Amino acid sequence: MPEETGRRERKKQQTRRTLIETAARLFAERGYEATGVADIAEAADVSKRTFFLHFPTKEDVLISDGRARLDLALRVIEEREPGAPLREVLARSLTAMIDDTAARDLPSGMAALRARLIADSPTVQARILHAAFNAQARIAEALREAYPEVLDRTTAPSIVGAVVGAVSAAAIASLQDGDSAAETTAAMRRAAVVGLSALDALEE
């Protein structure tokens, strides 16, 4: 039974990955607005019903890996060593998210597509910003609970907004400039260092 369950889960994840890669290709070839759910499903050789089992809307394909990245960041905070400094834990969370982006969204072209659509599509922009806001809020709350002696309901979201916002802004700017995946990754890492300097005021 465990083996069968594992096989089903692997097949499910492979279908999800195929849908993401197919959507990214069609969005790039035909344009986002001109590509519908039916087009993605047909090109991926699955039914529309299967598509909707994985993604509620077409917009959700664009942020498909965001939830996994958020889980990585939260896991770093939850599994921190006793007494681990705030800066170190936040830096590790950022590194986990940047590494995941470099391994998945940059090679697939999904990150570059998002960067372009943020500028061109108000609908996509709103969906991505909403997802980013929710992710930052969850990271901030996790850090506040982990470091109540340092962070409160004001400082936690301020710090997370500064750090994650810096990394996201750097990635978008780099992608919109046509930089390579390696250059965009490097830009995100530099931005993380800059963003983490926001902690200096708390540590003085």
Side-chain angles (χ1 to χ4, degrees), residues 12-74 94 97-98 100-141 157-158 160-181 183-185 187-188 191-192 195:
K12 178 180 176 182
Q13 291 303 318
Q14 180 56 52
T15 299
R16 180 182 177 85
R17 177 55 47 190
T18 298
L19 285 167
I20 293 170
E21 293 173 353
T22 301
R25 176 173 59 80
L26 293 181
F27 290 158
E29 292 174 357
R30 306 179 184 181
Y32 176 78
E33 300 296 343
T35 302
V37 168
D39 299 318
I40 299 169
E42 181 179 359
D45 196 25
V46 300
S47 66
K48 286 177 63 175
R49 180 178 179 277
T50 297
F51 177 95
F52 287 122
L53 286 174
H54 289 273
F55 304 106
T57 69
K58 184 175 70 170
E59 287 79 13
D60 285 288
V61 181
L62 293 170
I63 57 173
S64 53
D65 288 330
R67 294 180 184 87
R69 266 191 294 280
L70 173 59
D71 288 342
L72 287 173
L74 295 175
L94 285 171
M97 291 190 288
I98 291 171
D100 186 75
T101 300
R104 295 201 284 183
D105 278 18
L106 290 176
S108 72
M110 189 61 81
L113 179 65
R114 278 199 304 269
R116 185 169 71 250
L117 290 174
I118 283 174
D120 296 340
S121 173
T123 301
V124 172
Q125 182 185 78
R127 185 70 183 85
I128 290 175
L129 290 177
H130 182 264
F133 176 82
N134 287 339
Q136 289 184 29
R138 289 189 60 188
I139 294 171
E141 183 61 18
S158 298
V160 172
V163 177
V164 177
V167 173
S168 297
I172 291 171
S174 179
L175 290 164
Q176 289 179 341
D177 285 346
D179 291 343
S180 66
E183 290 170 330
T184 298
T185 301
M188 288 191 290

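Note that the structure is predicted; figures quoted are calculated from it, not measured.
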Check: Between S174 and D177, does any side-chain donor sit less than 3.5 Å from a side-chain acceptor?
Finding: no
Checklist line | Distance-only donor-acceptor check, side chains T18 and T15, under 3.5 Å | finding: no
Rounded to the nearest 0.5 Å, how far does [atom2] of [Y] lie from [atom1] of [X]?
| X | Y | atom1 | atom2 | answer |
| --- | --- | --- | --- | --- |
| D179 | T185 | CG | OG1 | 10.5 Å |
| R127 | I63 | CZ | CD1 | 3.5 Å |
| L175 | L113 | CG | CG | 10.5 Å |
| S168 | M97 | OG | CE | 8.0 Å |
| L53 | L19 | CG | CG | 10.0 Å |
| I172 | T184 | CD1 | OG1 | 11.0 Å |

Checking [X] side chain against [Y] main chain: does a donor-acceptor pair fall under 3.5 Å?
| X | Y | value |
| --- | --- | --- |
| K58 | I40 | no |
| S121 | L117 | no |
| Q176 | A115 | yes |
| D60 | T57 | yes |
| R16 | S64 | yes |

Next item on the list: Give a yes or no on whether R138 atom CZ has more than 12 heavy-atom contacts from other residues, nucleotides or ligands under 6.0 Å away.
Entry: no
Next item on the list: Could you tell me whether F52 atom CZ has more than 12 heavy atoms of other residues or ligands within 6.0 Å of it?
Entry: yes
Next item on the list: Tell me, with the steps shown, if I20 and R104 meet side chain to side chain contact (heavy atoms under 4.5 Å, CB included).
Entry: CA-CA 11 Å; I20 293 170; R104 295 201 284 183; over 6 Å; no
Minimum heavy-atom separation for [X] and [Y], please, with both atom names.
| X | Y | answer |
| --- | --- | --- |
| A140 | V160 | CA-CG2, 3.7 Å |
| T22 | A43 | CG2-CB, 3.5 Å |
| Y32 | L62 | CE1-CD1, 3.7 Å |
| M110 | V61 | CE-O, 3.8 Å |
| S180 | E183 | N-OE1, 2.8 Å |
| H54 | K12 | CE1-O, 3.3 Å |

Next item on the list: Only pairs at least two apart or in different chains count here, so list each ring pair (Phe, Tyr, Trp, His ring centres under 6.0 Å) that has a residue in residues 105-126.
Entry: none
Next item on the list: Determine, step by step, whether D65 and R17 satisfy the salt bridge (charged side-chain N to carboxylate O under 4.0 Å, His left out) criterion, reporting the C-alpha distance in whole Å, the side-chain angles of both residues, the deciding distance to 0.1 Å, and the verdict.
Entry: CA-CA 10 Å; D65 288 330; R17 177 55 47 190; 3.1 Å; yes
Checklist line | salt bridge (charged side-chain N to carboxylate O under 4.0 Å, His left out) pairs, two or more places apart, involving residues 31-52 | finding: R30-D39
